[in-house]
Amino acid sequence: MTEMRDSRHGRCTDNMRAAAFALVATTALAACAPQGGGGRLEVRTLEVRATSADSMVFEGAAVDSTWTIPGDDARQLTRSLVLEPGDQSETPNRLVDIALGALVTGFAFLPPGELADDAQVTEDVANGLLEISLQAGIAFRTSVVANYSRGEDLAWRGTANFTDRMVWIDSRVTPADTLRLALDGDFEDVRGGAGGQQAVLRAQGTLYVATGGEYTLELTERVEAMEVSAEGVARMMGGVQVGLDP
């Protein structure tokens, strides 16, 4: 993850995220846009911020854009871009570096599942799962149980709160190192009758590594999905203009 030592870098980070979105959207459109018909466009953005006890800030982000075209020859395209410095760590501690990188690259949220189709049903409950894979076989997992209600517009609106923590002792090093990850968060979801969706998951917490100190964490995932035609996607994406600060 990229270390930010000066507040001026925040603007650069915002532009990088915008550039990532534009790149993803443009690539998806060029690769699989049909001349007609429709489909479902989903754009997911993830932003992660970690602050050390001495006020060093590490930031990372990811963008996923998926356009699914229905039918017998359904095609799906996903592009991801993670904004990181590369293989060279900005942190002096191996376990801290693994954990901070995993907050972006290992983050996966399986949203609450399908809701009742019966228009007479106005309340429902669905389960989701947040998982952050630190490495193979070692992951933070917590359930996200959302309570939904349906209004007169037939849109489902759901909310959830969650909290969990994990402790991992890395015995591959001598002396053994300890990692603790604790997160508390909330989830908001709106699902329209026409298939559109807007959802936000936010989490705050701490990452503690015995040999590397404690970090305050902030994570936000946003998902927007809609039913659109090929022409609609072209109009939406065609107006994206991105410029980076010098």
Side-chain angles (χ1 to χ4, degrees), residues 1-5 7 10 13 17 44-64 80 82-85 89-113 125-147 158-189 199-223:
M1 301 178 76
T2 306
E3 179 183 342
M4 299 297 179
R5 299 179 180 271
S7 62
T13 301
R17 290 171 187 152
R44 165 188 172 271
T45 60
L46 172 66
E47 299 178 22
V48 178
R49 181 181 177 93
T51 307
S52 69
D54 56 357
S55 300
M56 288 193 302
V57 177
F58 299 82
E59 294 184 320
V63 181
D64 295 286
S80 300
V82 178
L83 308 180
E84 292 185 304
S89 171
E90 295 281 355
T91 65
N93 182 281
R94 181 190 63 86
L95 196 53
V96 170
D97 187 53
I98 290 174
L100 291 180
L103 292 174
V104 177
T105 60
F107 184 99
F109 177 50
L110 179 65
V125 177
N127 297 335
L129 176 67
L130 171 62
E131 177 173 303
I132 301 173
S133 298
L134 298 174
Q135 61 183 49
I138 302 172
F140 169 93
R141 294 185 183 91
T142 186
S143 296
V144 179
V145 182
N147 296 298
T159 59
N161 295 293
F162 58 90
T163 181
D164 213 334
R165 48 201 33 83
M166 70 168 288
V167 177
W168 173 35
I169 299 176
D170 187 358
S171 58
R172 298 169 301 174
V173 295
T174 304
D177 207 351
T178 300
L179 177 149
R180 294 201 301 264
L181 175 61
L183 291 177
D184 300 279
D186 59 82
F187 174 67
E188 300 176 0
D189 187 13
V200 181
L201 181 142
R202 301 180 181 88
Q204 309 82 37
T206 57
L207 167 70
Y208 170 80
V209 175
T211 58
E214 185 170 270
Y215 293 77
T216 301
L217 303 178
E218 300 173 70
L219 302 92
T220 302
E221 183 195 60
R222 293 181 174 87
V223 174

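With hydrogens and angles ignored, the 3.5 Å screen pairs a side-chain donor or acceptor of D177 with a backbone N or O of T211.
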- Task: Begin from the C-alpha positions of L179 and F140 and carry the test side-chain contact (heavy atoms from CB on, under 4.5 Å) through to its verdict.
- Result: CA-CA 11 Å; L179 177 149; F140 169 93; over 6 Å; no
- Message: One pair to check against side-chain contact (heavy atoms from CB on, under 4.5 Å): R165 and R180. What are the steps and the verdict?
- Response: CA-CA 7 Å; R165 48 201 33 83; R180 294 201 301 264; over 6 Å; no
- Give the intermediate values and the outcome of side chain to side chain donor-acceptor pair (under 3.5 Å) for residues E218 and T220. CA-CA 7 Å; E218 300 173 70; T220 302; over 6 Å; no
- Evaluation steps, side-chain contact (heavy atoms from CB on, under 4.5 Å), between W168 and L95: CA-CA 11 Å; W168 173 35; L95 196 53; 3.5 Å; yes
- Message: For M166 and I138: C-alpha separation, side-chain torsions, deciding distance, then whether side-chain contact (heavy atoms from CB on, under 4.5 Å) applies.
- Response: CA-CA 10 Å; M166 70 168 288; I138 302 172; 4.1 Å; yes
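The side-chain heavy atoms of D97 and F58, taken from C-beta on, include no pair separated by under 4.5 Å. Side chains of R222 and E47 form a contact here, defined as non-hydrogen atoms less than 4.5 Å apart. Residues L130 and D164 are not in side-chain contact: their nearest non-hydrogen atoms beyond the backbone lie 4.5 Å or more apart.
In terms of heavy atoms, L103 sits closest to F107 at O-CB, 3.2 Å. The two residues F109 and P112 make their nearest non-hydrogen contact at CZ-CD, 4.0 Å. The shortest heavy-atom contact between T206 and L217 is C-CD1, 4.0 Å. Summarising the geometry of V104 relative to A62, their closest heavy-atom pair is CG1-CB, 4.2 Å, with the distance given to 0.1 Å. Considering all non-hydrogen atoms of both residues, L134 and A99 come closest at CD2-CA, 4.1 Å. Between V144 and A160 the shortest heavy-atom distance is CG1-CB, 3.7 Å.
Atom OG1 of T163 and atom CG of D186 lie 12.0 Å apart (nearest 0.5 Å).
When the shell of 6.0 Å around CG of L129 is examined, it contains more than 12 heavy atoms from other residues, nucleotides or ligands.
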